Amino acid sequence: MITDRLHIQTLKNGLTLVVKDVHTAPVASFWLWYRVGSRHETPGLTGISHWVEHMLFKGTSTRPKGDFDRLIQREGGHFNGMTWVDWTTFYATLPARRIELAFDIEADRMQHALFDPEEVERERSVIIAEREGHENQPAYLLREQVQAASFLNHPYRHMVIGWKEDLQRITRDELFEHYRTFYTPNNAVAVVVGDFRTAEMAATIEAFFGDIPSGPDPPPVRAVEPKPRAQRRVHLTGPGGAHYLLIAFRSVSASDPDFFPLVVLTAILDGARGLPPFGGGGLGKAARLHRALVNSELALAVSASMAATVDPYLFTISATVQPDQDLAAVEAAIFDELTRLQEEMVGQEELARAIKGTRAMFAYGSESISNQAMWLGLAAMAADMDWLASYQQRLLDVSPEDVQRVARRLFRVENRVVGWYVSR
Amino acid sequence: MPSYPGPHNIVTAQLQNGLRVWVYENFESQTVLVEGYARGGSINESPGQKGLANVTATMLRRGSTTKNYDTINEIVESVGAFFGFDAGRHTMGFNAYSLAEDVDLVLDLLSESLQAPAFAAEELDKVRKRFLTQLEERRHSTRAMAAITFNQQLYPPGHPYRISIEDEIAALKQFGREDLAQFFREKVSPEGGVVVVVGAIHAEEAIATLERTVGRWRHPQAQPSTQLPAPPVLKEKVVANVHVKGKSQSDIVLGWPGISRRDKDYEAVLVCNTILGRFGLGGRLGNHIREELGLAYYAYSTFNANLGPGTWRIAAGVHPMHVSQTIAAMLAEVQRITAEVVDDEELEDVQRYLTGSLPLRLETNAGIAGNLLTMAWYGLGLDYLLQYERRIQDVNKEDVLRVARTYLHPDRYVLAVAGPSAKEA
């Protein structure tokens, strides 16, 4: 199991280490996770976490821009960074004997990133170009509007990349302040998985990170989403070859006991997956939504999505619809399926398929050492290692009554936002 | 040195139907992945049949004469497994991925789909509608339209590698069940094809299981063409702009005819391309267009090499106001790489990257299978991965300059831009 033989340790400066030796390939993967993402952003500064992530590739006081990429790749390594709602992570996968290079770089840029004003300006236009690439896609435009309508108060309401209006105005000093506030060892988790000896590896990481001073606790996220009282609807029109439908329900956090029934419910609607949102996909053709919408030719494609998050985020169902089809009919067919989950108990066979499918998806995902490190880190961000260790058992414990209860809890009219993108 | 797959641990065999088999045991994993190519793909479509190979591949997964699409989905998804088909220019690909305990189940389904496909009219209608809408969606994608426009400027009408949305739409509306059945029967053959198995299965068992399943698939009438189409000739600069309304960004593709996979210059082109548009955040192109000018989120180069020559392309997505400046930067980098030898350090960086990253690319069953399939299909030899490091190290600065000058031309290229007008965005 992915959580077998884990070494977990907290250094004096507050940095949490998660170390696991795996000897399937001569490879090691290091992921440094910070508890900072769009969840930690305030109005006017949306997108700042993602921008800070970009700036950490722009050099430190001892290493010029471009050096990180070059040093890692010269050793055959692969590396990148990602920002999401709850976290930002930097990772490198390398031949195992060279993994220390990743520790060296991450320890350096945790403390010494430059935020050179000229680089900030160049990156402003790169990020605006990244956003404009997203804007080219109708499904992105719809998602952005639905997400904004889904939260009145919680910062989950804006996309990770941020609003263009904020990207045009955020200053270098605001970026640097965000960096200093959140990029501290006490706000981070370091995960390393690979072909090494665990005790030695833990000591090596400590040697690189142990002397970095801890910082003040980052400010807590105070916003709590109020109880929803009204259904919202979002209608967009624009050019496109198909119509798009997105229905979002306010969901549950990873630590909510109803998270596991929701995983099973998602599998019943759209096929099993590994650890959401990064669990792979592809199953679902025998699942309820595909049968009801695609087999019946109401929609060309349909999928459901959930995620393991710190605060309640979104459970979504999206569909791509032929231009000559009626979005109202598609919407009604989806609601029929959700009502069915509320009214009828799911059968043992469907439950068993969800469980076996999840086991297979974990097995596929675990072949990659990078993936294992990613899942461990994701679990640390959204919940903890016990949560991940008990994951598959807690799915086995889900009963038909649990699935029904969660369907009744989530799929209420006032808890949803319905979005249409109508192509013209 | 890591123990890469090679003649010492890849077991080979040939099935009764002519499929050549390579098996690599990997008991570190819990899964088994099967990937193969039968001979026969889109180059075997007749005029007026654009897209037939792709529709045939999709329909192979949609039911056999004894099990309909729903039943097959029920069976395969009950164990969390996958199988499917995809058409290439010269191949009909097939694959299956499951936990080791379910390999028989999934290969039985795969084999039945090959031996007795239903090509049911009802499913064909669904596939037709889906594809028609997907083609419409491509018309609204700047990335897709830049790539298609580039292809159309490079390959003349009638060339088998030419993409045409209009021809595909017209053909899709015509296909009947018998067109698919006939294409499959007459143009797709296991004879001369390859299949690789990687994962938690003993080689002997894997070969016996394959013989019992896909080994029984025979197409004695099939005669896929073995003739490669004539490579395109580019005599001058060709520029095409496509207007895609209502978008924020334009996509640019600039490129040339490329090489085939068995070309002796393959490794030199790989090194040259990595310097030009891959290493770091997009090689020299990424450094110039993204890091220095801040114009794009993505700017890179890529090449594809098939049985016949593919293409070598540069691409970027930028604001419509920045299109001209980006093209100028692209051409400046082409000028530079065709005029000057690369730095020693740059070459060494890229050689170390390409060789050092091999263990990462062989980390998963999918990574291993993808490499073995390429080696088996293109006849690169069982020892290709063992020779790979030397092949990359043997590329010198003069080789890089030579292939750059042979294939990349700053004054003779195809340029395609798809996007809104500068006023619109």
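Computed from a prediction, not measured in an experiment: that's the story for all the values here. Letters go in sequence order (proteins before strands), and every chain restarts at 1.
Ranking A:Gln73, A:Glu135, A:Arg353 against chain B, the residue ahead of the rest is A:Gln73, based on heavy-atom pairs under 4.5 Å. Between chain B and the options A:Glu132, A:Arg74, A:Arg122, heavy-atom pairs under 4.5 Å are most frequent for A:Arg74. Contact tally against chain A (heavy-atom pairs below 4.5 Å) for B:Glu348, B:Glu123, B:Arg139, B:Arg143: the top residue is B:Glu348. When B:Gln351, B:Lys245, B:Glu292 are compared by the number of non-hydrogen pairs under 4.5 Å with chain A, B:Glu292 comes out ahead. The choice from A:Gly66, A:Ala301, A:Gly357, A:Gly133 that makes the most heavy-atom pairs within less than 4.5 Å of chain B is A:Gly133. Interface summary for chain A: among B:Asn287, B:Thr142, B:Asp251, B:Val79, the most heavy-atom pairs under 4.5 angstrom belong to B:Val79. Comparing A:Ala363, A:Gly240, A:Ala360 by how many heavy-atom pairs each has under 4.5 Å with chain B, the most go to A:Gly240. Across B:Lys129, B:Arg361, B:His319, the residue that shares the most heavy-atom pairs under 4.5 angstrom with chain A is B:Lys129.
Proximity to chain B is limited to the side chain of A:Thr320, based on heavy atoms less than 4.5 angstrom apart. Residue B:Leu281 touches chain A through both its backbone and its side chain, counting heavy-atom pairs closer than 4.5 Å. Using a 4.5 Å cut-off between heavy atoms, B:Glu101 touches chain A through its side chain atoms alone. Only the backbone of A:Ala287 comes within less than 4.5 Å of a heavy atom of chain B; no side-chain atom from C-beta onward does. For A:Glu123, the part lying under 4.5 angstrom from a heavy atom of chain B is the side chain only. For A:Gln322, the parts lying near chain B are the backbone and the side chain together; criterion is any non-hydrogen pair under 4.5 Å. Residue contact with chain B, scored on non-hydrogen atoms closer than 4.5 Å, is absent for A:Phe362. Of the atoms belonging to A:Val27, it is side-chain heavy atoms, and not backbone ones, that fall under 4.5 Å from chain B. For chain A, the nearby parts of B:Tyr97 are the backbone and the side chain; heavy atoms of each come within less than 4.5 Å.
Between A:His23 and B:Glu28, the closest side-chain pair of non-hydrogen atoms is not below 4.5 Å. Using a 4.5 Å heavy-atom cutoff, the side chains of A:Lys356 and B:Asp102 are in contact. Annotation: side chain of A:His134 is not in contact with side chain of B:Gln249 (no heavy-atom distance under 4.5 Å). Side-chain contact between B:Asn26 and A:Glu367: absent, with no pair of heavy atoms (C-beta onward) separated by less than 4.5 Å.
From A:Thr24, atom OG1 reaches atom CG of B:Asn365 across 10.0 Å, with rounding to the nearest 0.5 Å. A:Glu297 CD to B:Arg130 CZ: the interatomic distance, rounded to the nearest 0.5 Å, is 11.5 Å. Rounding to the nearest 0.5 angstrom, the gap separating the CG atom in B:Leu295 from the CD1 atom in A:Ile128 is 12.5 Å. B:Leu360 contributes atom CG, which lies 7.0 Å from atom CG of A:Leu94 (distance to the nearest 0.5 angstrom). Atoms CG and NE2, from B:Asp70 and A:His290 in turn, are 9.0 Å apart once rounded to the nearest 0.5 Å.
Atom CD of A:Glu349 has 12 or fewer neighbouring heavy atoms from other residues, nucleotides or ligands inside a 6.0 Å radius. Crowding of A:Gln168 atom CD: a count of heavy atoms from other residues, nucleotides or ligands under 6.0 Å exceeding 12. In A:Glu121, the CD atom is crowded: over 12 heavy atoms of neighbouring residues, nucleotides or ligands sit closer than 6.0 Å.
Using a distance-only test at 3.5 Å, with no hydrogens or angles considered, no donor-acceptor pair links the side chain of B:Glu363 to the main chain of A:Ala25. Listed for the A:Arg70 side chain is no donor-acceptor partner under 3.5 Å among the backbone atoms of B:Gly280. The main-chain N or O of B:Ser248 is found under 3.5 Å from a side-chain atom of A:Asn136 such that the two form a donor-acceptor pair. Looking only at distances, a side-chain donor or acceptor of A:Ser125 sits under 3.5 Å from a matching main-chain atom of B:Gly294.
Heavy atoms only, all atoms of each residue included: B:Asn73 and A:Ala286 are closest at O-CB, 3.6 Å. The two residues B:Thr133 and A:Ala242 have their closest heavy-atom pair at CG2-CB, 3.7 Å. Between A:Pro26 and B:Pro359 the shortest heavy-atom distance is CG-CB, 4.1 Å. Heavy atoms only, all atoms of each residue included: A:Pro239 and B:Gly246 are closest at CG-CA, 4.0 Å. For the residue pair A:Tyr364 and B:Thr31, the shortest heavy atom distance occurs at CD2-CG2, 3.5 Å. Heavy atoms only, all atoms of each residue included: A:Asn295 and B:Lys126 are closest at O-NZ, 3.0 Å.
Between the side chains of B:Tyr297 and A:Glu130, at least one donor N or O lies within less than 3.5 Å of an accepting N or O.
Under 4.0 Å is where a charged nitrogen must lie from a carboxylate oxygen, and between B:Glu74 and A:Lys285 no such pair does. The pair B:Glu77-A:Arg291 does not count as a salt bridge, with every side-chain nitrogen at least 4.0 angstrom from each carboxylate oxygen.
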